[in-house]
Number of protein chains: 2
Amino acid sequence: MPPPSLAVMTAVTRETSLGIRQVSEETRLSIDTLRWYEREGLLPLVERSADGRRRYPPGALRFIRLVQALRRTGMPVADVRRFVTLGGGELAHHPERMALLEQQCAQIEQRMVELRDDLAVVQATIAQFRELIARGVDCEDELPDDLLAPIFADPRLRGVVPGLPA
Amino acid sequence: MPPPSLAVMTAVTRETSLGIRQVSEETRLSIDTLRWYEREGLLPLVERSADGRRRYPPGALRFIRLVQALRRTGMPVADVRRFVTLGGGELAHHPERMALLEQQCAQIEQRMVELRDDLAVVQATIAQFRELIARGVDCEDELPDDLLAPIFADPRLRGVVPGLPA
DNA sequence: CTAGGAGCTGGAGTGCACTCCAGCGCAAGG
DNA sequence: CCTTGCGCTGGAGTGCACTCCAGCTCCTAG
């Protein structure tokens, strides 16, 4: 992969800006996604070289990382667009901008709690299976139904379990 | 909402099992989703009352919560199905079952790290905007471009920013 | 001069996970 | 007896976020 002859690029462009492939590798967003985000108005900072190819100045790269953070944490594309189109630092849009970002923070925190809880559920299940197998291996027959029941689909167990805690 | 005459239900059914609506409220899964999960083989524990309506024994409820944890943490429906169809506690399936669950744990932990990082990005952005506005309000003109640039789409700023840290 | 490779555009296609709907049955209340 | 309400089924439809593609241009290497 020889470096594409940079002869034509301007001095500024040469060292600081990245091609779409590099950005793709850098951010792990696919090339198609980068183009699509741009079309959809999530990436306004993209420039073009003389022959019409995209050039991403470093500011764009950082901006993309923000967009990525918003997307990965569950902000819908429409909201990211809204945020982006609120533009530079204009005072007028400050409240809405802040609202969007703070809302997102709240959601992330909520999500983290949920994730912790869900992790606990999965880990508890793993523990139960370990115990089950430990016992099952020790005494092949007569499995502890009450341990199995809440977890599994064994038809023998249907409707056997007593009331659940909450 | 008068309690539906329970006259017909069996003694076992009466107190312990739930109707689809109750499960829906309990789990926050929509009624349609519950039915769909069942069709798709994610919920094998569901029974029927005499007139063909679904009855969820408590074991099913707990099971649903596990499925929910797996789904919410990003396990694809296909994998949940695979996990579910591995069946009761049979030794034969133990390795695959554990593999699925442990893989999922790993993914959750990864996701939590990512989430923390993304939260940091969003919070940093909020902080930068606060600072920007604080200054902007103090001295209306001549905004601090170097602070704005990495964040925003102001056309005046294109290609201005120097090299990025990483 | 030619061939290969990267990128471009506009638009169509895909995958996933639901979500909605028509048309039906049952059961209770008035 | 009729209506109202809940639930059932099978199948079609939806929303979101990409992902893929044909047909093009430009540039560089051989």
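Chain letters run A, B, ... following the sequence lines, proteins first, then strands; residues in each count from 1. Everything quoted here is computed from the prediction, not taken from an experiment.
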Please confirm whether the shortest side-chain N or O distance from [X] to OP1 or OP2 of [N] is below 4.0 Å.
X	N	result
Thr33(B)	dA17(C)	no
Ser30(A)	dT19(D)	yes
Tyr37(A)	dA17(D)	no

Kindly indicate whether the side chain of Leu119(A), heavy atoms from C-beta on, has any atom under 4.5 Å from the side chain of Glu109(B). yes
Output yes when Arg35(B) and Glu38(B) qualify as a salt bridge under the 4.0 Å nitrogen-oxygen rule, no when they do not. no
Do you see a donor-acceptor pair shorter than 3.5 Å between the side chains of Ser30(A) and Asp32(A)? no
Give a yes-or-no answer on whether the side chains of Gln68(B) and Thr27(B) include a donor-acceptor pair shorter than 3.5 Å. no
In whole angstrom, give the distance that lies between atom [atom1] of [X] and atom [atom2] of [N].
X	N	atom1	atom2	answer
Trp36(A)	dT14(C)	CH2	C1'	14 Å
Glu40(B)	dT9(D)	CD	C1'	15 Å
Leu70(B)	dC16(C)	CG	C1'	17 Å
Leu34(B)	dC6(D)	CG	P	17 Å

Reading 5' to 3' through nucleotides 3-10 of chain C, protein heavy-atom contacts under 4.0 Å coded B for base, S for sugar-phosphate only, - for none: ---BSBBB
